[in-house]
Novice: 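Have a look at this one before I ask anything.
Values reported hereafter were calculated over all heavy atoms of this structure, with side chains retained and with hydrogens, waters and symmetry mates removed. Everything numeric here is computed off the predicted structure, so don't read it as measured data.
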2 protein chains.
Amino acid sequence: LGKLPTALTRYQAEIDAELRSVLVDRSSLLYDMIRYHFGWIDEKGNPQKGWAGKAVRPTLCLLACEAVGGDWHDALPAAAAIELVHNYSLVHDDIQDDDRERRHRPTVWSIWGKPQGINAGSAMRMLANVAIRRLVIPHTKQVHIQSLLDEATIHLIEGQYFDINYEKRLDITSKEYLQMVGGKTAALIACALEVGAEIGTGDRQAIDGLRQFGWNLGITFQTRDDYLGIWGRPENTGKSLWGDIKRRKKTLPVVYGMENASGDMKQNLIRFYSDGVLAEETAASVVGILEAVGAREHTAIMTGHYASEAKGILTNLPISRSAMQDFNQILHFIVERDF
Amino acid sequence: LGKLPTALTRYQAEIDAELRSVLVDRSSLLYDMIRYHFGWIDEKGNPQKGWAGKAVRPTLCLLACEAVGGDWHDALPAAAAIELVHNYSLVHDDIQDDDRERRHRPTVWSIWGKPQGINAGSAMRMLANVAIRRLVIPHTKQVHIQSLLDEATIHLIEGQYFDINYEKRLDITSKEYLQMVGGKTAALIACALEVGAEIGTGDRQAIDGLRQFGWNLGITFQTRDDYLGIWGRPENTGKSLWGDIKRRKKTLPVVYGMENASGDMKQNLIRFYSDGVLAEETAASVVGILEAVGAREHTAIMTGHYASEAKGILTNLPISRSAMQDFNQILHFIVERDF
């Protein structure tokens, strides 16, 4: 495994403490499912070492606050809210995608069933609003930040809608792909940065710039994720081998492959993806075709492209030198990570 | 079918128009699932006559605003939000309970599948927040109303959690029953009245009184619903015959029956409810036992009890005479309805 940038570990203890404190008075078993998801307890309720997620989104929120001259402690409730929204979407995605494992552990629904899994996810989304109300800021700003969180969530849901909808389609364009991952991934990362900046400053230019940086960072993140979903090692990523292909997900390599394959390869791709289920063998053939038409290279190039866009925006941002360094490190980590 | 009180039809056109306007700029198929749920279009997208729900909750919200001296038009966005929260919970409940029909039509998930059904419901919950931001009120009040809506939603989710959790249990007490239906039903009805009152006045006593009236009205509503779920006519209620029993729901008659049956009847009840599935014949036997131990009467008595509590609170409220009359009519309707 690669090394995490220092910025990604710097706030982890405080983010974790803030998340725990949002749940502290909530004692029913409903909330134990959430505690389990975060890794604070095992499925029987015994305390666990805790969650070792990368906490990318909440960290970006705190960094953005600091970058524009704010005190990052002020943004902790917002960081917790962002992480709750992200994890709400993971809990529901696992149900929707029938995924039994996440972070090398059984998913919430695979233990408590899908009906209760839906409740756990929904409660997390509501707790994000509870967290937001812990911010000590004027009510006008509170309303604005709540609206940013809601809009990001709407984008998440729309992205998830497209993701499922595209499973049955073979004609997804690059533009449709961007619409999907813009919703599924970029919107919440952009929101994390925008909200952090909003808490730290009134400077509209800095806020907008950080949001745009976040959007490009998000697409960079997702294209790399798509790459790792096919060419990463399952023992590093914690995801099943070729799971994205077997579930007929229209990730970037597949979209590119469908658009650029011709002749027999095109016919084979269409035939493979028209079947109800994609077996291990078929998935291997798909990977072969994708490599042959250059989808692997193209995906890496697109990651580089969006990283470069992000970097361009970052360089011109009116933010502190140390924040610039942190963001740069995170950007490089996202591009080069193998997990 | 019984006749609806005039108050329940008075605002229906405006509530419907407000709901439609919340969705007006949302054009993807994700939102068509919501339009379908409300009955504005059929599953192919063709316009339909529209939704013929009772709109109890949004009407109560508008009435509460008027009752305390406000202009009900001001509360329309809140009424729409309340109805969106209610219908969000219905869409998810249908998924969780595996229900294929609602309001004599196929449920959202039974047409588009459970994964997309989850997205439709989640989007509705977020649109409720969008609706709330259309209120023309000070931001401090906006934040407060948002928090009331969030807390009511948390109660809904907790109630749904208990509801599913109780399916496997045979020892549910009356207190646990109240905790469940307090969350599933009373919380949102109380919230509807409180929010409407908040928009119309700053009089804390009136606001609190209306919330308490709403809570009792909600329990009245639910106990009557439980009654109709066993002794109502499916062609009136739109629900399947003995569906609650077959799904081992711990409704009030069943909780009372379990607590009060003895000897063979108790043994039989336990045996029936310990099986995985309750067949039609078994359900008929359950109904026989419930009637024999007086669960039917008890349920009717409890409806009367909570209606009387609601009435007592209502009588002492500092509200207009016409509002008092409307609330009384709705209360009587809820007690006597057979659909």
Novice: So which residue, A:Trp112, A:Tyr88, A:Tyr31, ends up with the most heavy-atom pairs under 4.5 Å with chain B?
Specialist: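 Most heavy-atom pairs within the cutoff with chain B belong to A:Tyr31.
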Novice: Which answer fits B:Ile95, side chain, backbone, both or neither, if we ask what part of it has an atom under 4.5 Å from a heavy atom of chain A?
Specialist: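 Side chain of B:Ile95 only, per the 4.5 Å heavy-atom cut-off to chain A.
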Novice: Would you indicate whether B:Asn46, at its atom CG, is surrounded by more than 12 heavy atoms from other residues, nucleotides or ligands within a distance under 6.0 Å?
Specialist: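 Yes.
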Novice: Most heavy-atom pairs under 4.5 angstrom with chain B, which of A:Ser147, A:Gly121, A:Ser28?
Specialist: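 Ranked by contacts with chain B, first place is A:Ser147.
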Novice: Checking B:Leu156 against chain A: side chain, backbone, both or neither under 4.5 Å from a heavy atom?
Specialist: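 Interface part for B:Leu156: neither.
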Novice: Under a 4.0 Å threshold between the charged nitrogen and the carboxylate oxygen, would B:Asp226 count as salt-bridged to B:Lys250?
Specialist: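 Looking at B:Lys250 and B:Asp226, the cut-off is not met.
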Novice: Is there a side chain to side chain donor-acceptor pair (under 3.5 Å) between B:Asn119 and A:Gln96? Walk through the geometry before answering.
Specialist: CA-CA 9 Å; B:Asn119 289 330; A:Gln96 293 166 310; 2.9 Å; yes
Novice: Establish, for the pair B:Arg20 and B:Phe38, whether the NZ or CZ atom is under 6.0 angstrom from the six-membered ring centre and no further than 45 degrees off its axis.
Specialist: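 No; the conditions do not both hold, so B:Arg20 does not lie above the ring face of B:Phe38.
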Novice: Below 4.0 angstrom, N of the basic side chain to O of the carboxylate: do B:Glu198 and B:Arg204 qualify?
Specialist: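 Looking at B:Arg204 together with B:Glu198, the answer is yes, because their closest N to O distance falls below 4.0 Å.
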Novice: Which of these, A:Arg102, A:Lys184, A:Lys249, A:Arg247, sits in a salt bridge (charged side-chain N to carboxylate O under 4.0 Å, His left out) with A:Asp93?
Specialist: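 Only match with A:Asp93 under salt bridge (charged side-chain N to carboxylate O under 4.0 Å, His left out): A:Lys184.
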Novice: Who wins among A:Lys114, A:Arg26, A:Met33 for the most heavy-atom pairs under 4.5 Å with chain B?
Specialist: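 Between A:Lys114, A:Arg26, A:Met33, the count favours A:Arg26.
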Novice: Can you tell which of B:Ala120, B:Ser122, B:Ala123 has the highest number of heavy-atom pairs within less than 4.5 Å of chain A?
Specialist: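 Highest number of pairs under 4.5 Å: B:Ser122.
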Novice: Give me the one residue out of A:Glu176, A:Arg248, A:Met258 that meets side-chain contact (heavy atoms from CB on, under 4.5 Å) with A:Arg169.
Specialist: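 When side-chain contact (heavy atoms from CB on, under 4.5 Å) is applied between A:Arg169 and each of A:Glu176, A:Arg248, A:Met258, only A:Glu176 qualifies.
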Novice: Given that the side chain runs from C-beta out, which part of A:Ile132 has a heavy atom under 4.5 Å from chain B: side chain, backbone, both or neither?
Specialist: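 It is neither, since no heavy atom gets under 4.5 Å.
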Novice: Based on non-hydrogen pairs under 4.5 Å, which of A:Arg133, A:Gln142, A:Gln160 is most in contact with chain B?
Specialist: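 Ranked by contacts with chain B, first place is A:Arg133.
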Novice: Has the side chain of A:Thr201 got a donor or acceptor atom that lies under 3.5 Å from a matching backbone atom of A:Ala197?
Specialist: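 Checking the backbone N and O of A:Ala197 against the side chain of A:Thr201, no donor-acceptor pair under 3.5 Å is found.
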Novice: Which atoms of A:Ile164 come close to chain B, meaning under 4.5 Å heavy atom to heavy atom: side chain ones, backbone ones, both, or neither?
Specialist: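 A:Ile164 touches chain B through backbone and side-chain heavy atoms alike.
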Novice: Flag the one option from A:Leu29, A:Val130, A:Asn165 with the top tally of heavy-atom pairs under 4.5 Å to chain B.
Specialist: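 The candidate making the most pairs under 4.5 Å is A:Leu29.
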Novice: Given heavy-atom pairs under 4.5 angstrom as the criterion, report whether the side chain, backbone, both or neither of A:Glu151 touches chain B.
Specialist: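 For A:Glu151, the contact with chain B is made by the side chain alone.
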Novice: Given that the side chain runs from C-beta out, which part of A:Asp98 has a heavy atom under 4.5 Å from chain B: side chain, backbone, both or neither?
Specialist: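 Answer is neither: A:Asp98 stays 4.5 Å or more from chain B.
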